[in-house]
Visitor: 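Input: one structure, supplied below.
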Amino acid sequence: MATSLDDLTAYLLGRILLVQQRLGYDTEESPEPGARFADLLDSMSMVEFLTVVARDCDVTPAVIEEAAGRQFGTVAQLAERLAAAGVVPAAAQAATPTLASGGTTILPACWLAATAVRLPDTVQPSVILDEALQRPAGWLERHAGIRQRRIWREQDPLAAAADAGQEALDRAGVLPEEVGGLLVASEAPPQLLGLAAALHHRLGFGPGAAAVEVGGACTGFLAAVGLAQGLLARLGVVVVLAVEAPSRFLTVQPGPAGEAAALFGDGAAATVLAGQSTGAGAVPMSATILGADGSAAGLVRIERTGDAAEVHLEGRALAGRAVRVMADLVRDVSRENGLSAQELGGVVAHGGNGRMPALVARELCLPVEQVWSATPELGNLGAASLPVAWALHQPRPRGPVAWAAAGAGLTWAAALTGLAERTTSR
Amino acid sequence: MEMILLDWTRMGHSYCLAGVVAARGGFRVVRLLLARHRDASVRNVGWSPFLLDGQTRWEVFELVHPEPADAEPPHVEDVWVQTLKARHRSIPPGQRREVLAATMAVPGTPVFGTSLTLSLASAYLEPGTGRRSLATLSVPASGLRFHASQREGVADIEVRLSLHIPPLGDRPLPFKDHHLLARAEQASLTPEGQAKALDLAVRQMGERVAVRLGLARPFQPTACRGPGKCWLMVDGLFSLSNPQA
């Protein structure tokens, strides 16, 4: 394997930084090659470091220790010893693309250039919802982990969504005339017909830019991202917009349907996807995994009741299935990108209710704070759930982030952001 | 109150001790804390080697003025004692097996009463969670591998044991069993020699061995921010057929 000593040293320094960040070291900068391991990592951190390097090199930690002569001095010394022993990473996750060795080069499927969010002004604390449900105070929070939600009331959701779209374009440094397509995802659309075209008009896109509505309920955002990734080569830049207005359709009232309605909140989010990096905050995004199991359609149903609608959930079964599916998705999308779930900087998970993200964390054996969701404060935002959770989680730690959603259908989707072009043998 | 000494683990230059006392026809696990350190900033000041000179595991001790400590999950077994008085007798192999059996984790349930959080390589519990901090697993000896190394500038050789823990998978865990480490140190001064000595010791234990898993008190590197974590460690290894001292 033609790996230079500089590459190997850079790789090791990157892995040390990864371990330090995961364990909460108060450090942002990569250590120096001449730094001693005793000054960089304590005994537990050393276990983490050895295991990660061993995994990258497809060997056991004992092989790394043996190659190092079981003595760890400086980082540069370890690089020399590993190189001399021919123990080098087969997967160069943290290193440069020059670590190629005949493996498969994975290119980002797109760049997530920018995200922007618009939330309704009206906040409904759970105590108000409890009253409407004729439940005791604290019931909704205890049962669904939702402390409050926001609703549009007299605000125009389309105007808010268009604002989010414009802000995302500004952040990405993209002009409206450069946009080749607009994909709009919504499970509770504020306009039943021509929603994408209406937003297309408000954003001032040219007549040659596509305007397409995507369903997929809570999976809608990632489904739209998956479609956008396939269109980018032709369209150049695609805006994916998610806008939800369930408060316009679902009535919070006593009974199971009203209680299900109380889970959902209003909101809008826009993202700009591009074939290449554009804007200061652009992050690479992997190809999207999409899947479905229509035999589970009965877990979430929408039924018409006169001029309104009711949502019927098989809550326990749905939540259990969704948690397992999202945990599996996180593992799958991590593995496809040469990582383990424990190497992720975070997971953006759809929160059907406010407790699901913590359950996903438990399923993945990850710290709760590493699974991001805005559901406890905003309710289930449907298709907008993931981009809102991503945008609101600030500051975001460095490192790859998995996105996972499961929604009515059942449908599911996942992607991974934050990994640059790299070569892997896995 | 009499206690059978079960876990004798390394913690820097002092030791952590845990044992079992008879309770309701079975055994209850206790972690021993010296009462004179009750006002220390951390509970686990540890036991001085001088206090334990000449003692071994499975010995029976009298706990002098035992007093349950406030539970700090997962360390719910803490007991303050004024001191230990050796009874100068050890329990027989049959009773040792009973103690190990009584402390076995229940298959299919979380070993410490709640799911462990996985780090990149290891596993831990956040302080304040969990229902116990010590448990025994029965594992095939053939699945155990020791490895050891040393960081330049650090006096101690760091020994780790790789083992498969359902459902966590293969985990390399710090190995803290004082007795086996002492045997390895007598056999060799090098990390490689000590790992080999420990591998040999395990091979002589029979097909299956009892692994004593423990959760450390919350700690983290000095460079870290935020609260510490209770890291998973191997506190002891015993032959299941003839549990050694």
Visitor: Please state whether the side chain, the backbone, both or neither of A148(B) comes within less than 4.5 Å of a heavy atom of chain A.
Guide: backbone

Visitor: How far apart are the closest heavy atoms of M44(A) and W231(B), and which atoms are they?
Guide: CE-CE3, 3.4 Å

Visitor: Could you walk me through whether L50(A) and R160(B) satisfy the side-chain contact (heavy atoms from CB on, under 4.5 Å) test, starting with their C-alpha distance in whole Å, then the side-chain angles of each, then the deciding distance to 0.1 Å, before giving a yes or no?
Guide: CA-CA 11 Å; L50(A) 286 173; R160(B) 291 171 279 272; 3.3 Å; yes

Visitor: Look at A216(B), A195(B), P191(B) and state which one has the largest set of heavy-atom pairs under 4.5 Å with chain A.
Guide: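 Of A216(B), A195(B), P191(B), P191(B) has the most heavy-atom pairs under 4.5 Å with chain A.
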
Visitor: Which pair of non-hydrogen atoms, one from E158(B) and one from S43(A), has the smallest distance, and what is that distance?
Guide: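 Closest approach of E158(B) to S43(A): OE2-CB, 3.4 Å.
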
Visitor: Tell me the closest heavy-atom pair linking T117(B) and L366(A), and the distance in Å.
Guide: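 Closest approach of T117(B) to L366(A): CG2-C, 3.5 Å.
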
Visitor: Applying side-chain hydrogen bond (donor to acceptor under 3.5 Å, both in side chains), run through S119(B) and E48(A) and close with a yes or a no.
Guide: CA-CA 8 Å; S119(B) 63; E48(A) 304 281 301; 2.6 Å; yes

Visitor: In terms of heavy-atom proximity below 4.5 Å to chain B, should V47(A) be classed as side chain, backbone, both, or neither?
Guide: both

Visitor: Looking at R362(A), I want to see if its CZ is surrounded by more than 12 non-hydrogen atoms of other residues, nucleotides or ligands under 6.0 Å.
Guide: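 Count not over threshold, so no.
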
Visitor: Considering only heavy atoms and a distance below 4.5 Å, find which of R151(B), M233(B), E152(B), K229(B) pairs most often with chain A.
Guide: R151(B)

Visitor: If you count heavy-atom pairs within less than 4.5 Å of chain B, which of T74(A), V52(A), D42(A), D39(A) leads?
Guide: D42(A)

Visitor: Please flag which part of L41(A) lies under 4.5 Å from any non-hydrogen atom of chain B: side chain, backbone, both or neither.
Guide: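 Looking at L41(A), just its backbone touches chain B.
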
Visitor: Side chain, backbone, both or neither: which part of S340(A) has a heavy atom under 4.5 Å from chain B?
Guide: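 Neither part.
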
Visitor: Just checking E369(A): does its CD atom have more than 12 heavy atoms from other residues, nucleotides or ligands closer to it than 6.0 angstrom?
Guide: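 Yes.
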
Visitor: Picking from E192(B), Q150(B), E126(B), which has the most non-hydrogen pairs under 4.5 angstrom with chain A?
Guide: Q150(B)

Visitor: Check each atom of Y124(B) against the heavy atoms of chain A and say whether the ones under 4.5 Å are side chain, backbone, both or neither.
Guide: side chain

Visitor: Do other residues, nucleotides or ligands put more than 12 heavy atoms under 6.0 Å from R131(B) CZ?
Guide: no

Visitor: Which bit of E66(A) is near chain B, if near means a heavy-atom gap under 4.5 Å: side chain, backbone, both or neither?
Guide: neither

Visitor: I want to check something: taking the side chain as every heavy atom from C-beta on, are V19(A) and L120(B) in contact at a cut-off of under 4.5 Å?
Guide: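 Sidechains of L120(B) and V19(A): in contact.
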
Visitor: Check whether any side-chain N or O of R70(A) sits under 3.5 Å from a backbone N or O of T190(B) as a donor-acceptor pair, and report yes or no.
Guide: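 Answer holds: no.
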
Visitor: Taking ring-ring contact (aromatic ring centres under 6.0 Å, His included) as the test, write out the residues that go with Y15(B), two or more places apart.
Guide: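 Listed in chain order: W8(B), H178(B).
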
Visitor: Could you list the residues that satisfy side chain to side chain contact (heavy atoms under 4.5 Å, CB included) with Q204(B), not counting sequence neighbours?
Guide: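 Partners of Q204(B) by the side chain to side chain contact (heavy atoms under 4.5 Å, CB included) criterion, ordered by chain and then number, come out as R183(B), L200(B).
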
Visitor: Need one label for E65(A): side chain, backbone, both or neither, based on atoms under 4.5 Å from any heavy atom in chain B.
Guide: side chain

Visitor: Contact part of V368(A) toward chain B, heavy-atom cut-off under 4.5 Å: side chain, backbone, both or neither?
Guide: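 Nothing of V368(A), per the 4.5 Å heavy-atom cut-off to chain B.
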
